[in-house]
Asker: 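Dropping a structure here in structure tokens format, bear with me for questions.
Nothing fancy with the numbering, it's 1 onward along the sequence.
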Amino acid sequence: ELPSQEVRALIECESSWKNVKIVDTNGEFSYGILQFQHNTWEEFSKESGIQGDPMEPMDAIRMGNWAIEHGKISHWYNCAKKKGLLNALE
């Protein structure tokens, strides 16, 4: 599955396409190219039925595409704002 244009922009901003694990501004770890936090991944997984691992780029892209299609771009608020995506999709 290919990333949507919005997901590509978020990946570029969140991780520069590097598959990393970092401590986010809230003190929680964020994982993978889309910087999913554990609780967000679990919540989205339950809602979407998508299984996988945020450290696996194809899983992250699949989940990111689903999240954008379902109005959840605000989970990437800072990067979505920086890339001009909030107004376009809300």
Side-chain angles (χ1 to χ4, degrees):
E1 182 171 340
L2 296 174
S4 67
Q5 181 177 346
E6 295 83 10
V7 169
R8 283 195 305 271
L10 290 174
I11 293 169
E12 186 178 296
C13 178
E14 289 286 348
S15 68
S16 300
W17 293 87
K18 294 179 181 117
N19 202 25
V20 294
K21 173 183 165 185
I22 63 166
V23 177
D24 211 332
T25 56
N26 64 359
E28 300 289 328
F29 278 107
S30 293
Y31 302 89
I33 58 174
L34 274 167
Q35 291 296 281
F36 281 101
Q37 293 189 357
H38 178 77
N39 290 342
T40 302
W41 183 269
E42 291 298 313
E43 174 188 331
F44 286 5
S45 194
K46 285 178 186 171
E47 287 183 44
S48 68
I50 296 170
Q51 301 298 309
D53 181 343
M55 289 297 289
E56 290 293 331
M58 293 310 296
D59 293 346
I61 288 168
R62 187 168 46 255
M63 187 70 83
N65 285 340
W66 175 87
I68 299 304
E69 289 169 9
H70 289 85
K72 299 184 182 296
I73 197 162
S74 63
H75 283 273
W76 296 276
Y77 182 81
N78 291 331
C79 278
K81 185 175 180 182
K82 183 187 288 188
K83 293 291 186 173
L85 300 173
L86 286 177
N87 294 337
L89 294 173
E90 288 188 329

Asker: Using side-chain heavy atoms (C-beta onward) and a distance below 4.5 Å, is R8 in contact with W17?
Answerer: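 Yes. Closest side-chain heavy atoms under 4.5 Å.
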Asker: At what distance, to the nearest 0.5 angstrom, does OG of S30 lie from CD of E14?
Answerer: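 Reported to 0.5 Å precision, the distance equals 7.5 Å.
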Asker: Taking the side chain as every heavy atom from C-beta outward, state whether I61 and I33 have any pair of such atoms under 4.5 Å apart.
Answerer: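 Contact flag for I61/I33 side chains = yes.
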Asker: Does the side chain of D24 come within less than 4.5 Å of F29's, by heavy atoms?
Answerer: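 Contact flag for F29/D24 side chains = no.
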Asker: Report whether I22 and I11 are members of the same hydrophobic cluster (ILVMFWY, side-chain heavy atoms less than 4.5 Å apart, transitive linking).
Answerer: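 No, no single cluster joins them.
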Asker: Would you say that Y31 contacts T40 through its side chain, given a criterion of any heavy-atom pair below 4.5 Å between the two side chains?
Answerer: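 Answer no - side chains too far apart.
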Asker: Report the C-alpha distance between K83 and E6 in whole Å, list the side-chain angles of each, state the deciding distance to 0.1 Å, and finish with yes or no for side-chain contact (heavy atoms from CB on, under 4.5 Å).
Answerer: CA-CA 9 Å; K83 293 291 186 173; E6 295 83 10; over 6 Å; no
Asker: Looking only at non-hydrogen atoms, find the nearest pair between F36 and G64 and report the distance.
Answerer: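 Between these two residues, the closest heavy atoms are CZ-N, 4.1 Å.
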Asker: Could you go through the side-chain contact (heavy atoms from CB on, under 4.5 Å) check for I68 and L10 one step at a time?
Answerer: CA-CA 10 Å; I68 299 304; L10 290 174; 3.8 Å; yes
Asker: Is a side-chain donor or acceptor of N19 paired with a backbone partner of M55 at a separation under 3.5 angstrom?
Answerer: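 Side chain of N19 to backbone of M55, a donor-acceptor pair under 3.5 Å: yes, one is there.
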Asker: N65 versus E1: any side-chain heavy-atom pair under 4.5 Å?
Answerer: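 In contact.
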Asker: Side chains of S48 and M63, heavy atoms from C-beta outward: is any pair under 4.5 Å?
Answerer: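 A side-chain contact exists here, since the closest heavy-atom pair is under 4.5 Å.
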Asker: Within the side chain of Q35, is there an N or O that forms a donor-acceptor pair under 3.5 Å with the backbone of V20?
Answerer: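 Judged by distance alone, yes, a pair lies under 3.5 Å.
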Asker: Run the side-chain contact (heavy atoms from CB on, under 4.5 Å) check on F44 and H75 step by step: do they pass?
Answerer: CA-CA 11 Å; F44 286 5; H75 283 273; 3.3 Å; yes
Asker: When rounded to the nearest 0.5 angstrom, what distance separates NE2 in H38 from CD in E43?
Answerer: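 Between atom NE2 of H38 and atom CD of E43 there are 11.5 Å.
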Asker: Under 3.5 Å, side chain of S74 to main-chain N/O of Y77, donor-acceptor pair present?
Answerer: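 Absent.
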Asker: Less than 4.5 Å apart, side chain to side chain, heavy atoms only: is that true for S45 and Q51?
Answerer: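 Yes; the side chains approach each other to less than 4.5 Å.
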Asker: Do Q37 and N26 have a side chain donor and acceptor closer than 3.5 Å?
Answerer: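 On atom types as modelled, these side chains qualify, holding a pair under 3.5 Å.
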Asker: I need the single residue from K72, H70, E42 that forms a side-chain contact (heavy atoms from CB on, under 4.5 Å) with E47. Which is it?
Answerer: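 The single option meeting the side-chain contact (heavy atoms from CB on, under 4.5 Å) with E47 is K72.
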Asker: Drop me the distance from N39's CG to E28's CD, to the nearest 0.5 angstrom.
Answerer: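 Those atoms lie 6.5 Å apart.
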Asker: Closest heavy-atom contact between G32 and S15?
Answerer: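 That closest heavy-atom pairing would be O-CB, 4.1 Å.
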Asker: Return yes if some donor-acceptor pair links the side-chain N/O of D59 with the main-chain N/O of D53 below 3.5 Å, else return no.
Answerer: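 A pair under 3.5 Å: yes.
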